[in-house]
Structure formats: C-alpha cells, structure tokens
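Data block below; observations after.
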Amino acid sequence: TRIVTDRLDVLIRELSPSSELVGVSGELTESLHADLENLPDLDPRLLTVNAAEPYRLKLACMRLKVQNTAARIADRQPHRPGVDYADRDELLADLAIVDRSLRENGGTLIADRLLADAVRSIALVGLHLATLDIREHADAHHHAIGLMVDRLGELDSAYE
C-alpha cells in the first residue's frame with residue numbers, strides 16, 4: 001500500500017484547485033458525496049480546510065479507503081462497499097472519475113501527467129498488501145562491500 005498511498009499523497013498535495021476557480025463534474029460531486037456518507041471517520045479538519053477543494057477531498061477519501069482496505073485484510077474481515085476497496089479495479093475506477101472531471105474542466109495537462117503517472121503506478125502495483133521480508137546472509141553483504149572497498153586499494157590487505 002505504500003506506493004499507492006505515496007501516489008495519492010502527491011495527488012492530494014498537487015491537486016488543490018478550488019471549485020470557485022475550476023469546474024467539477026457531476027460524477028465527481030456525486031462520488032464525493034457518497035464517500036463522505038460512507039466514511040464518517042474521515043478527519044473532520046479536512047472537511048473544513050478542503051471544503052472548496054473537491055479534488056483534494058475526493059483523493060483524501062480514496063486514501064482513507066486504501067487504509068481501510070489494509071486494515072480489513074489484516075483483520076481478515078469481509079469487504080465493505082464504500083468503506084474500502086475490493087480490488088485494484090475499484091481504486092482505478094475512482095481515479096478515472098477524477099480523470100474525467102479534470103478533462104471536462106480544463107485540467108487535461110494535469111490528467112495527462114501527474115494523474116496518469118499515478119494511474120500507471122497503481123495499475124502496475126495494485127493493492128498487494130502482503131509484507132515481504134527479503135533477507136540475505138551476511139556473507140553476501142561482506143562480499144559485495146569487499147568488492148567495492150578492495151577496488152579503492154586503500155587497505156593493506158583484502159577486506160574479507
């Protein structure tokens with residue numbers, strides 16, 4: 001989830017146009033209202049601070065749904081529609097709503113660049129929520145360091 005939340009954090013930081021300056025599609029507005037109804041645990045401060053920033057608010061809801069997905073899987077609970085994501089496709093569908101709204105309202109440049117990068121990353125990585133711990137024997141590390149240190153020729157004898 002780290003890659004997904006990192007990408008969403010970038011979008012939240014960068015997609016801050018006010019609805020007073022930039023239009024928002026009806027589809028995004030409806031989706032945001034549904035999210036706000038289903039996510040009562042969203043930080044209330046965001047509702048105040050980002051009240052006029054629907055893109056940022058929608059993305060914050062998406063981030064919370066990703067966090068809820070991770071918690072659901074860790075707790076071995078069933079999927080809760082509207083509260084978490086069943087799979088990557090649901091997350092990508094929410095990003096598609098943001099994309100369509102941006103394109104309908106003069107945000108093609110940001111949709112083609114920043115949002116498209118996030119979509120590609122998330123489509124590639126998905127919502128794989130298993131932790132993978134990769135370990136290597138210390139001898140392998142010593143060998144690699146030895147190759148670098150010995151190449152410098154600053155020691156009287158080989159590193160190993």
Side-chain angles (χ1 to χ4, degrees), residues 1-18 21-22 28 31-32 35 39 41-46 49-50 53-80 82-160:
T1 61
R2 183 64 185 214
I3 291 173
V4 174
T5 55
D6 286 351
R7 289 299 185 162
L8 290 174
D9 286 344
V10 168
L11 291 171
I12 290 167
R13 188 173 58 247
E14 299 296 326
L15 262 151
S16 61
S18 169
L21 302 174
V22 176
L28 188 130
S31 177
L32 177 57
D35 284 346
L39 300 168
D41 51 340
L42 183 70
D43 183 351
R45 185 179 55 90
L46 294 175
V49 173
N50 302 124
E53 299 171 335
Y55 291 103
R56 187 174 268 175
L57 206 49
K58 174 64 180 172
L59 291 160
C61 290
M62 292 169 62
R63 190 180 194 290
L64 180 57
K65 286 162 87 173
V66 169
Q67 290 173 327
N68 289 344
T69 303
R72 168 183 58 87
I73 289 171
D75 295 341
R76 299 175 189 253
Q77 297 295 315
H79 166 58
R80 297 170 298 166
V83 177
D84 59 45
Y85 290 112
D87 55 29
R88 172 186 61 190
D89 292 340
E90 280 190 11
L91 174 57
L92 291 173
D94 269 353
L95 286 170
I97 290 170
V98 173
D99 181 76
R100 286 189 293 273
S101 183
L102 285 169
R103 291 178 189 285
E104 289 173 18
N105 293 286
T108 301
L109 190 61
I110 198 158
D112 283 345
R113 292 188 179 162
L114 192 61
L115 186 60
D117 286 346
V119 169
R120 275 191 298 276
S121 293
I122 292 169
L124 179 65
V125 174
L127 283 172
H128 302 289
L129 301 170
T131 300
L132 181 61
D133 186 11
I134 300 174
R135 297 176 186 232
E136 183 69 60
H137 193 279
D139 287 344
H141 293 282
H142 286 294
H143 176 71
I145 291 171
L147 291 174
M148 292 184 289
V149 171
D150 290 345
R151 186 172 189 131
L152 294 173
E154 295 177 353
L155 300 177
D156 294 333
S157 62
Y159 176 83
E160 288 190 72

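The two residues C61 and L42 come nearest to each other via the heavy atoms SG-CD2, 3.9 Å. Nearest heavy-atom pair, I97 versus S31, reported as atom, atom and distance to 0.1 Å: CD1-OG, 3.8 Å. Residues M62 and Y85 approach most closely at CG-OH, 3.3 Å, considering heavy atoms. Nearest heavy atoms, R7 versus S121: NH2-OG, 3.0 Å.
Counting non-hydrogen atoms of neighbouring residues, nucleotides and ligands closer than 6.0 angstrom, the CG atom of L46 exceeds 12 such neighbours.
Looking at heavy atoms from C-beta onward, L28 lies in side-chain contact with Y55 at the 4.5 angstrom threshold. The shortest distance between side-chain heavy atoms of L11 and L95 falls below 4.5 Å. For the pair D99/V119, no side-chain contact is recorded, criterion being any heavy-atom separation below 4.5 Å from C-beta on.
With sequence neighbours left out, N68 forms a side chain to side chain donor-acceptor pair (under 3.5 Å) with no residue at all. Scored by the salt bridge (Lys or Arg N to Asp or Glu O under 4.0 Å) test, D94 finds K58, K65 as partners (sequence neighbours excluded).
The distance from the CG atom of L91 to the OG1 atom of T69 is 8.0 Å, given to the nearest 0.5 Å. Note: R72 CZ to H79 NE2 = 6.5 Å, rounded to the nearest 0.5 Å. We find the CG-CD1 distance between N50 and I12 to be 8.5 Å, quoted to the nearest 0.5 Å. Atom CG of residue L39 and atom CZ of residue R63 lie 13.5 Å apart, to the nearest 0.5 angstrom. With rounding to the nearest 0.5 angstrom, the CG atom of D9 is 10.0 Å from the CG atom of L59. Distance check: R103 CZ to T108 OG1 gives 5.5 Å after rounding to the nearest 0.5 Å.
Salt bridge absent: D117 and R113 never bring a charged side-chain N and a carboxylate O closer than 4.0 Å. Comment: D6 engages R2 in a salt bridge, judged by a side-chain N to carboxylate O separation of less than 4.0 angstrom.
Side chain of D87 to main chain of D89: a donor-acceptor pair is present (N/O by atom type, distance under 3.5 Å, no hydrogens or angles). For the pair E90 (side chain) and A86 (backbone), a donor-acceptor distance under 3.5 Å is present.
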Set out, in order, the CA-CA distance, both residues' side-chain angles and the distance that settles side-chain contact (heavy atoms from CB on, under 4.5 Å) for I110 and L115, then state yes or no.
CA-CA 6 Å; I110 198 158; L115 186 60; 5.8 Å; no

